[in-house]
Amino acid sequence: MRQIHHFVNGEALAGTSGRFGDVFNPNTGEVQARVDLASAAELDAAAQAAARAQVGWAAVNPQRRARVMFEFKRLVEARMDELAGLLSSEHGKVIADSKGDIQRGLEVIEFACGIPHVLKGEYTEGAGPGIDVYSMRQPLGVCAGITPFNFPAMIPMWMFGIAVAVGNTFILKPSEKDPSVPVRLAELFMEAGAPAGVLNVVHGDKAAVDAILTHPLVRAVSFVGSSDIASYVYSTGAAHGKRVQAMGGAKNHGVILPDADLDHAVKDLIGAAYGSAGERCMALPVVVPVGARTADALKDKVLAEIDSLKVGISTDPAAQYGPVVSAAHKKRVEDYIQLGADEGAELVVDGRGFALQGYEKGFFIGPTLFDHVTRDMKTYQEEIFGPVLQIVRADSFEEALALPSEHPYGNGVAIYTRNGRAAREFASRVNVGMVGINVPIPVPVAYHTFGGWKRSAFGDTNQHGVEGVKFYTKVKTITARWPEGAVEDSAFVIPTMK
Ligand code: NAD
């Protein structure tokens, strides 16, 4: 059986903890590899290697570090097919979607190619008599990233792309469910010219995460995953003196006003609700049509689309989405479907029991649709993370605005309308971090920044863009004077500008 090892100090490192995780092929349900699960000792080896590499790496001038990013981007692009195939085989998303996962990560690498410009500090000449003030951004040291299964290429690149470009070294703890692509990325990063120890990959579960959160050499931790664990990572990391950003789960709403272009909205909605089997933190699992006429028309069109939706194995080019990631996750989603029916929502299309000929043991779930879901239902309040779309009917703009605003999660939201004023007001007032106007999955481009509100993010700084640079650097401000002439008397009061 294929064994997936850690990658530390520029080479594969076999696990010594004696603990392993199974890596499945979600299409067939078979175990295809075993991944090492690290102990605190293995994490310590990575932290020591990263700390040894950091001083030299920070001293490399930013333009040379940027050249490594350029070369890394070229290498990843050249291996796009290989990486996408590997990603799909462990995650279950279709190949085109895996390429999108890698491409969105590369866009952060492109942003990092411009790091010399972004790192330029500020300078004030003559802040006082003969006094100049300047500030610079310096790396933190060893940083770590803990990532979820659903974007095994993009989210690691969100993190190490910026952390490393600004002069830190990095330990990536990817999801143990699909760990192969992160290792390939680290190998390619070395091939691109990064010295050993700059980017390390340590696989594992809670034990590895706890070792990161308590390790004295780790200065900052970026986490993306579910909210309860994000909250735990945030509080534990902060209690150990680390800078932490921790992105959590989501339950994004798509609001459809009566004047929306319904055909356009439904096409977008189907892709955003069912694409990647709903396993996206920016999926749209809730649609909020305003008014009964809008709701009825929307439901008919969604049903027609579901009829022609093709679910298949991740390598089938005709498939629109593939299996979910694991048998446990499949059961969890199916339990939510049962709960939704028990809670009194109308189960219009039931995706349970979906079977694909020849792949009966695969983790497939058919597209599922609920209507008349209400805000008090547990299945509305909680994240399902599967191919399940819930219609929550609203009577007015204000009611539709209140639903995402008052929901515990606040990652993304979308509004469909032809009315610019209504869209503008919605975007301004909604209590959610990322808003799409006639855009279903408003994941901001790499040079803007990604982050939700409420239970979707813990900490103050977002992922990537200038916010990412701020997260991975600290500011130093220098006040300088070069005195000449007679020695002045000592001053016993705080200096002020007269
Ligand atoms: P998860 O929370 O189960 O795992 C995330 C990471 O935490 C993994 O590396 C995992 O090994 C580790 N982990 C698991 N259990 C742990 C524990 N008890 N203690 C410490 N660490 C632990 O999430 P997942 O199932 O891999 O990913 C799906 C979740 O991620 C969804 O909730 C989704 O909304 C969220 N997500 C959020 C964003 C965002 O940017 N807000 C992006 C992608 C995914």
Side-chain angles (χ1 to χ4, degrees), residues 19 21-23 26 35-38 40 43 90-93 101 104-105 108 144-159 171-179 182 201-214 221-237 244-252 276-285 324-326 328-330 332-333 336 382-386 407-413 432-434 441-444 449-459 461-464 467-468:
R19 294 196 309 124
D22 288 334
V23 178
V35 60
D36 296 336
L37 299 179
L43 188 279
E90 292 182 357
H91 178 286
K93 63 174 80 172
D101 185 335
R104 288 306 298 250
V108 175
I146 301 159
T147 53
F149 80 84
N150 69 326
F151 280 100
M154 176 183 81
I155 294 178
M157 284 193 266
W158 279 1
M159 297 176 180
I171 304 168
L172 173 65
K173 204 303 285 170
S175 170
E176 64 278 34
K177 295 184 184 125
D178 44 12
V201 181
V202 173
H203 303 291
D205 50 12
K206 185 176 188 316
V209 171
D210 285 344
I212 288 171
L213 296 176
T214 53
V221 179
S222 180
F223 173 91
V224 177
S226 53
S227 289
D228 286 349
I229 298 174
S231 166
Y232 167 77
V233 165
Y234 180 71
S235 52
T236 310
V244 189
Q245 56 176 193
M247 276 58 194
K251 188 89 182 196
N252 307 319
S276 198
E279 294 171 320
R280 290 186 184 131
C281 66
M282 289 294 273
L284 279 185
V324 298
V325 71
S326 65
H329 191 56
K330 177 177 167 169
R332 188 184 122 101
V333 173
Y336 270 118
E382 296 184 1
E383 179 181 44
I384 299 174
F385 222 55
H407 197 279
Y409 291 110
N411 216 35
V413 69
V432 170
M434 292 172 281
I441 304 182
V443 177
T449 185
F450 184 106
W453 288 5
K454 299 181 280 181
R455 272 186 69 72
S456 294
F458 303 82
T461 335
N462 277 0
Q463 299 280 349
H464 65 70
E467 289 258 315

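Read the numbers this way: they start at 1 and go in the same order the structure lists the ligands and their atoms.
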Review point. Tell me, which protein residue and heavy-atom name are nearest atom 8 (C) of ligand 1, and how many Å apart are they?
Key: Thr147 O, 3.3 Å
Practice item. For Ser456 and Gly410, indicate whether the former's side chain and the latter's backbone hold a donor-acceptor pair under 3.5 Å. Key: yes
Review point. In the protein, which heavy atom is nearest to atom 19 (N) of ligand 1, and how far is it?
Key: Lys206 CG, 3.4 Å
Check your understanding: Short N/O distance, under 3.5 Å, between Ser226 and ligand 1?
Key -> yes
Check your understanding: Backbone, side chain, both or neither: what part of Glu383 comes under 4.0 angstrom of ligand 1, heavy atoms only?
Key -> side chain
Practice item. Using the ring of Phe223 (Phe, Tyr or Trp, six-membered ring only), decide whether Lys173 places NZ or CZ under 6.0 Å from its centre and within 45 degrees of its axis. Key: no
Exercise for review: Flag Asp205 as yes when one of its N or O atoms lies below 3.5 Å from any N or O atom of ligand 1, and as no otherwise.
Suggested key: no
Review point. Does Phe385 have a heavy atom less than 4.0 Å from any atom of ligand 1?
Key: yes
Check your understanding: So do the side chains of His91 and Ser276 get within less than 4.5 Å of each other, counting heavy atoms only?
Key -> yes
Check your understanding: Got a second to check how far Lys177's NZ is from Asp205's CG, nearest 0.5 Å?
Key -> 11.0 Å
Check your understanding: How far is atom 14 (C) of ligand 1 from its nearest protein heavy atom, and which residue and atom is that?
Key -> Ile229 CD1, 3.7 Å
Check your understanding: Between the main-chain N or O of Phe151 and the side-chain N or O of Arg104, is there a donor-acceptor pair closer than 3.5 Å?
Key -> no
Study note, to complete from the structure: Between the OG1 atom in Thr147 and the CG atom in Asp178, the distance rounded to the nearest 0.5 Å is 8.0 Å
Practice item. Compare all side-chain heavy atoms of Tyr232 with those of Lys206 and state whether any distance is below 4.5 angstrom. Key: yes
Study note, to complete from the structure: among protein heavy atoms, the one nearest atom 7 (O) of ligand 1 is Phe223 CE1, 3.3 Å
Check your understanding: Does ligand 1 have any atom that is closer than 4.0 Å to a heavy atom of Gly248?
Key -> yes
Check your understanding: Going by atom types only, do Gln463 and Ser222 share a side-chain donor-acceptor pair under 3.5 Å?
Key -> yes
Review point. Does ligand 1 have an atom under 4.0 Å from some heavy atom of Gly204?
Key: yes
Review point. What orientation do Phe385 and Phe149 show, parallel under 30°, tilted 30 to 60°, or perpendicular over 60°?
Key: perpendicular
Study note, to complete from the structure: Looking only at protein heavy atoms, what sits closest to atom 40 (O) of ligand 1 is Phe450 CE2, 3.0 Å
Exercise for review: Have a look at Ala208, Pro148, Ala328 and point out the one with the heavy atom closest to atom 27 (O) of ligand 1.
Suggested key: Pro148
**Study point:** Closest approach of any protein heavy atom to atom 35 (C) of ligand 1, naming residue and atom
**Key:** Gly225 O, 3.1 Å
Exercise for review: May I ask you to identify, for Asp210, whether its side chain, its backbone, both or neither come under 4.0 Å of ligand 1 on a heavy-atom basis?
Suggested key: neither
Practice item. Report the nearest protein non-hydrogen atom to atom 21 (N) of ligand 1: residue, atom name, distance rounded to 0.1 Å. Key: Val209 CG2, 3.4 Å
Review point. Got the closest protein heavy atom to atom 36 (N) of ligand 1, with its distance?
Key: Cys281 CB, 3.6 Å
Check your understanding: Looking at Ile155, which atoms of ligand 1 are within less than 4.0 Å of one of its heavy atoms?
Key -> 42 (C), 43 (C)
Check your understanding: Does any donor atom in the side chain of Tyr409 or Glu383 lie under 3.5 Å from an acceptor atom in the other side chain?
Key -> no
Point to revise | Any Asp228 side-chain heavy atom under 4.5 Å of Arg455 side chain | key: yes
Check your understanding: Hey, is Glu176 touching ligand 1 through its side chain, its backbone, both or neither, going by heavy atoms under 4.0 Å?
Key -> side chain
